[in-house]
Amino acid sequence: MRELSFSSVVQQAAWVASGEASARELVEHSLDAIESLNPRLNAVAEVMAADALSRADTLDSRRHESSAKMPLRGVPIVIKEENDIAGIPTRYGSAAYSTPARADSEVVRRLRAAGAIVVGTTRMPEFGIWPFTESEAYGMTRNPWNLERSPAGSSGGTAAAVASGMVAAGIGGDGGGSIRLPASWCGLFGLKAQRGRMSLAPNADLWRSLGVIGPITRTVADSALIHDVIAGTTAVDRFRAAPLAASMYAAATSETVTPLRIMVSTKNPSGGPAADSDTTEALMRTAALLATLGHEIIEADPAYPKLNLPFQLQLSGGIGDEAARADEPRRLESRTRNMLRIGRPLRRLGGWAERTAARLGEPFLDDLFGRVDLLLTPTTPTAALPIGQLHDAGALTAVRRATPVSSYTSVWNVLGNPAAAVPAGFGADGMPLSVQVIGPPNGELSVLALSAQLERSQPWADSLPPAG
């Protein structure tokens, strides 16, 4: 008997392709899970039940057609609400938007062309500024592993929906860690692909050169399959990554992994405090496991370039870009308006920030990945923090609370490299822990291959949260 709850993307697509399950059956199961769980988690912003069921019926009526060009046929998925979906306002986690999008974003279009069925949009903090999925307009999103903990952000709604079993996968965005941070705190896998790997159309970029779009999933193979579906850019996109030598799914499903030289470091790239003892122990356990798998482990600290200022300047510019699209700017949160006011004179420095990041980053990357194949670090300095981090917090207090959370991840947005959050067991408090696997430019295949090897050695997908 099939067990739909917590089944994978790969399983679901195979069931629909073979006729073991219908697209309607999968969508109805997902909608039932959302109805049951969302009142507690506040993960899904808008449920698209009628549209999803209609699309499922259309797919089922064409069951005789080949699924070769539809690798996600019938699979329910959720979309972070910074991505355009035709007929729905793109809200960016804010109450300041009401005009429906005229067309799907390129990523949503590709997902639908591959047979995925969008069942809803997911919560995020306003503009994705904060690593906590909380807002004045829509309240707090909760972590399925402990309802008093945060799922992180900014793709916290997507992560909570996947971790709780509402869906097997959801789309997030990552401008400073916003795929990897929620994956870390919710016990999931999340890859930030190379800058320019996925299209950001209809927009030219996301948070200037910082942001990418991608999935959050329970398994590495699910992530790789979805990445293959959405990979590729359009004439609109500012950035274009070099082609990969093979598919991401092939890398994630091959059991042959060439021995690699892997640097392991607890050093905080931003200069902030190092990870706590639980996280550090998880990192060292993972390093020891990799050594038993035949990899060469080198404990050393990279000489990170100072990129905090370029990151902050681009973040400020990205917030300004998205705020300029607001229908009702007066409905923006007060801390967002303060961030916009503080950052206004700095936005013209975005070009300088990108040039500085390239000038400092290129020799650093050449040196680091001239010596090793991959870098292993913590994803987050701690397990999930309590909810309410933004309650009554002004802009400066929110920045002070937010900065440490993304201190291990944001540097890779500035540099553009692929980096993945990989589950690494649980802490003393029962909350998920995570390590970050960072690859050289255009190194997604090696990141995925190693992540999948870790998954085979210490499986995590069958560890289920209480709220699921």
Side-chain angles (χ1 to χ4, degrees), residues 9 152 155 158-159 162-163 169-195 197-198 211-228 230-231 241 244 247-254 257 260 262-265 269 279 282-283 286-287 289-290 295 368-369 372-380 406 408-413 415-425 432-461:
V9 170
S155 307
T158 294
V162 174
I171 295 298
D174 192 315
S178 292
I179 287 173
R180 290 160 290 158
L181 304 178
S184 174
W185 283 7
C186 292
L188 303 171
F189 179 77
L191 168 67
K192 180 196 82 69
Q194 175 70 32
R195 177 188 298 140
R197 182 71 58 208
M198 315 301 163
V212 304
I213 293 170
I216 298 175
T217 60
R218 279 189 293 280
T219 75
V220 179
D222 284 356
S223 176
L225 178 60
I226 294 172
H227 271 105
D228 281 342
I230 64 176
L244 296 174
S247 77
M248 297 200 213
Y249 186 70
T253 53
S254 173
V257 181
L260 300 169
I262 302 170
M263 182 182 290
V264 179
S265 173
T279 302
L283 180 71
T286 304
L289 172 59
L290 290 171
H295 301 287
L368 174 62
F369 292 109
V372 299
D373 299 301
L374 296 172
L375 173 64
L376 188 71
T377 76
T379 307
T380 46
S406 60
Y408 280 94
T409 54
S410 60
V411 64
W412 305 109
N413 295 84
L415 296 170
N417 291 52
V422 182
L433 301 171
S434 177
V435 296
Q436 184 177 207
V437 179
I438 302 109
N442 302 299
E444 288 99 325
L445 300 184
S446 58
V447 170
L448 286 164
L450 190 83
S451 299
Q453 187 180 38
L454 286 171
E455 183 179 23
R456 290 191 296 272
S457 301
Q458 50 180 26
W460 58 72

Next on the checklist: Under the criterion side-chain contact (heavy atoms from CB on, under 4.5 Å), I'd like the reasoning laid out for M248 against L445: C-alpha separation, chi angles, the key distance, then a yes or no.
Outcome noted: CA-CA 6 Å; M248 297 200 213; L445 300 184; 4.3 Å; yes

Next on the checklist: Between L448 and V220, is the side-chain contact (heavy atoms from CB on, under 4.5 Å) condition met? List the steps.
Outcome noted: CA-CA 7 Å; L448 286 164; V220 179; 3.9 Å; yes

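- The heavy-atom pair separating I216 from V162 by the smallest distance is O-CG2, 3.6 Å.
- In terms of heavy atoms, P441 sits closest to P418 at CA-CD, 4.4 Å.
- Counting heavy atoms from C-beta on, the side chains of V437 and I262 never come closer than 4.5 Å.
- The closest side-chain heavy-atom distance from I438 to F369 is below 4.5 Å.
- What you find for C186 and A159 is that their closest heavy atoms are SG-CB, 3.9 Å.
- For the residue pair T379/S434, the side-chain donor-acceptor check at 3.5 Å is satisfied.
- Of all the heavy atoms in R218 and E455, the pair that sits closest is O-OE2, 4.1 Å.
- Side chains of F189 and D222 form no contact here, defined as non-hydrogen atoms less than 4.5 Å apart.
- In this structure, L290 and L376 have side chains that are in contact, with non-hydrogen atoms separated by less than 4.5 Å.
- A distance of 5.0 Å separates CD of Q458 from CG of L289, quoted to the nearest 0.5 Å.
- Sorted by first and then second residue, the side-chain hydrogen bond (donor to acceptor under 3.5 Å, both in side chains) pairs with a member in residues 441-450 read R197-N442, R197-E444; sequence neighbours excluded.
- In this structure, the side chain of S178 does not engage the main chain of S155 through any donor-acceptor pair within 3.5 Å.
- Taking OG1 from T377 and OH from Y408, the interatomic distance works out to 7.0 Å, rounded to the nearest 0.5 Å.
- V264 has its side chain out of reach of T286: every pair of non-hydrogen atoms, C-beta onward, lies at least 4.5 Å apart.
- Side-chain N or O atoms of T217 include none that pairs as donor or acceptor with a backbone N or O of A169 at under 3.5 Å.
- Of all heavy-atom pairs spanning G177 and N413, the tightest one is N-OD1, 3.5 Å.
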Next on the checklist: Apply side-chain contact (heavy atoms from CB on, under 4.5 Å) to residues L375 and W412 and explain how you reach the verdict.
Outcome noted: CA-CA 11 Å; L375 173 64; W412 305 109; 3.6 Å; yes

Item to check | Derivation of the side-chain contact (heavy atoms from CB on, under 4.5 Å) call for H295 and L260 | outcome: CA-CA 5 Å; H295 301 287; L260 300 169; 3.7 Å; yes

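- To the nearest 0.5 Å, atoms CG (L181) and CD (Q436) are separated by 8.5 Å.
- Nearest heavy-atom pair across Q194 and P440 is OE1-O, 4.4 Å.
- Once rounded to the nearest 0.5 Å, the distance linking CD1 of I179 with CG of L188 reads 12.0 Å.
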